[in-house]
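A quick write-up on the structure given underneath.
Please read all numbers here as calculations on a predicted model, not as lab measurements. Naming convention: chains lettered A, B, ... in sequence-line order (proteins, then strands); numbering from 1 in each chain.
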There are 2 protein chains.
Amino acid sequence: MREIGPQRFATVPVALGERSYPIHIGSGLLSWLGAEIARQTKATRAAVVTVPAVGRRYAGRLLRSLREAGLEARQVTVRDGDTHKNLREAARLYDALLDFGADRSTVVVALGGGTVGDLAGFAAATFLRGVPFVQVPTTLLAMVDASVGGKVGVNLPRGKNLVGAFHQPRLVGIDVDTLASLPVRERAAGLAEVVKAGLLGDAAFFEQLERSAERVLELEPEALLPAIERACAIKAEIVAEDEREAGRRMLLNLGHTLGHAIEALSHYRGILHGEAVAMGMAFAARRSEALGLCPSGVAGRVEDLLGRLGLPTELPRHPRRAYLSALRVDKKRREARIQFVALRAVGRAETVSLTPAEILPAGG
Amino acid sequence: MREIGPQRFATVPVALGERSYPIHIGSGLLSWLGAEIARQTKATRAAVVTVPAVGRRYAGRLLRSLREAGLEARQVTVRDGDTHKNLREAARLYDALLDFGADRSTVVVALGGGTVGDLAGFAAATFLRGVPFVQVPTTLLAMVDASVGGKVGVNLPRGKNLVGAFHQPRLVGIDVDTLASLPVRERAAGLAEVVKAGLLGDAAFFEQLERSAERVLELEPEALLPAIERACAIKAEIVAEDEREAGRRMLLNLGHTLGHAIEALSHYRGILHGEAVAMGMAFAARRSEALGLCPSGVAGRVEDLLGRLGLPTELPRHPRRAYLSALRVDKKRREARIQFVALRAVGRAETVSLTPAEILPAGG
């Protein structure tokens, strides 16, 4: 922890060779970020891309800090919601960047949740074949998930995230103060990815979450900041080993194979991504036990912790054949088999090549 | 030169670390390319993206050779012409890839000119965040220009190539037999980029072109193959030093600053890209002499060689203020100044930072 004025913050490095970047985590960060963005990007202009609700609350502080650092800064507002994360909204964003006179020394700053980050990041990855990009996530899910990995993209009518790129940000600024306005249900959904980080890579961190679940959910700084920091660090470590998702990075799909199927079957309505991932993780833990891949008791611990965070752990009721067909369109499939992420223990996961029918056995 | 069956071919390596790839140049290559694509990409499927006129002539041979190599291969036809190189046509291409069941082990093969390569390459760069890509250029311009450098992209209503990516192909297969059906005017336009390569980087190659201009234009294999090979090699060398266009790669813009302005002022009608570049190169040579940057006589040689190839060397008549405003929207501008590529000699170029008014002085 370093001091900035009266505030404390931590930095998690993401080691990707010449694409390495820092994640700064702390309170009061927005007012300090402009100088850091200027320093890291050498940009002369900044387009702050946000949605109306987030812009009203936080854009002013960020724009002011960018201008104080000598950048010409402008807010660009995009439509809220995943249904607008598409090529048409990207085209509107390109237009706004042209209106702003954006060139290759213009940084695109995404201020908002994962949807804004994905859309603004895709525009940054492709406008003039790539301009500098900075993420300022304002939801817990975006802080621990979207801020590490460089995945950006938009949906097609036939599927989510089917078009995109890997475009690493130059830096990520996480101001935990922005979580104050986040509804508790979204907070909980974000914590699903924090739990995932522990399950995948760090038994001690998972145990720490077992001790502090309620305090993290209540945003107590002493519990929250280290949780965000550790979750980012675990993901950063995995991504650093495998930037383009050829091997170990697949482990980050823990809970996502079923999670995506659940989201598709519910037509992405009434269920948050983190909730679907929670159900998928609990399922993966139970299935790993049933396949004899991990000791019994693991699934119980996973379900308990998720339950204390207010997250669902049972699959929604849909016919088995509906689940099977949803699994078959998962874009990560390689021919007919799916790289299913199974648990070997709390803190250790691995991929197992299974057919959809093996993932969801009849009567299972 | 190596032997493949009865044919001879040459290979130019493009050295880009783990993104390195070979350019194979020869006659009769289409029938052999399937096996090479299978070997280099390990793909299980191939989507051959082409336009109707090119597909009718050459897709059959390529599809057959891909199938003989064990790949499931399908032709995907896109609309011809630069006006269709846009996000809407990209969306149609994504749809066709989904119909084909394309996944990350599907290779996108662009069969056609630069427009097809740019569009198919952009789709390959962004579909599922990137799938393998192979270029099979069938115009001389695409062979010596688009096949090296990894630039892919689409136009926006407000400008050309404003959206795109750097996505290196896994290999490039140049079958010079496909040039037989190319109109002589397009052949000449392609040679503008061959002349550029000599001007930028190799005085001896420029002299060789001075000796063989008519024979290259007539597609005599003994003159043509080495010219394509050397032009690709010069561009490959520059790109290898500067993949992301931060420094030396800017030299490849020789003739393009004015060339783009000419194309914009003619609304991209009635003038081929290579013709605009030829006019831009002749202008750059004259301007370099006038600025005292290169010895007199250089511009004369440039104009002579271009003229023998049937290429124009005088700027079309437009008001100076129209040129100035066209120069100002060039996307490579960095603030108000333009990195203008000037000649220091035949075989040596460098960038000079000039304002539009300095590039085109009043009464100049």
Residues in ring pair (Phe, Tyr, Trp, His ring centres under 6.0 Å) with B/Tyr323, at least two apart?
B/His318
Inspect the surroundings of CZ in B/Arg158 and state if more than 12 heavy atoms from other residues, nucleotides or ligands are less than 6.0 Å away.
yes
Looking at B/Arg67, I'd like to know if its CZ atom is crowded, meaning that more than 12 non-hydrogen atoms belonging to other residues, nucleotides or ligands lie closer than 6.0 Å.
yes
Value for CG (B/Asn161) from CG (A/Leu128), rounded to nearest 0.5 Å, stands at 10.5 Å
How many angstroms lie between OH in B/Tyr94 and CG in A/Leu162, if you round to the nearest 0.5 Å?
10.0 Å
Just to verify, what does A/Thr50 make a side chain to side chain donor-acceptor pair (under 3.5 Å) with, not counting sequence neighbours?
none
By a 4.5 Å heavy-atom criterion (distance strictly below it), what part of A/Asp99 contacts chain B: side chain, backbone, both, or neither?
both
At a 4.5 Å cut-off on heavy atoms, which part of A/Val152 comes close to chain B: side chain, backbone, both, or neither?
backbone
Is any side-chain heavy atom of B/Val163 closer than 4.5 Å to one of A/Arg129?
no
If one checks every heavy atom of B/Leu98 against chain A at 4.5 Å, the contacting part turns out to be both
Looking at B/Asp95, B/Val154, B/Leu97, which makes the most heavy-atom pairs under 4.5 Å with chain A?
B/Asp95
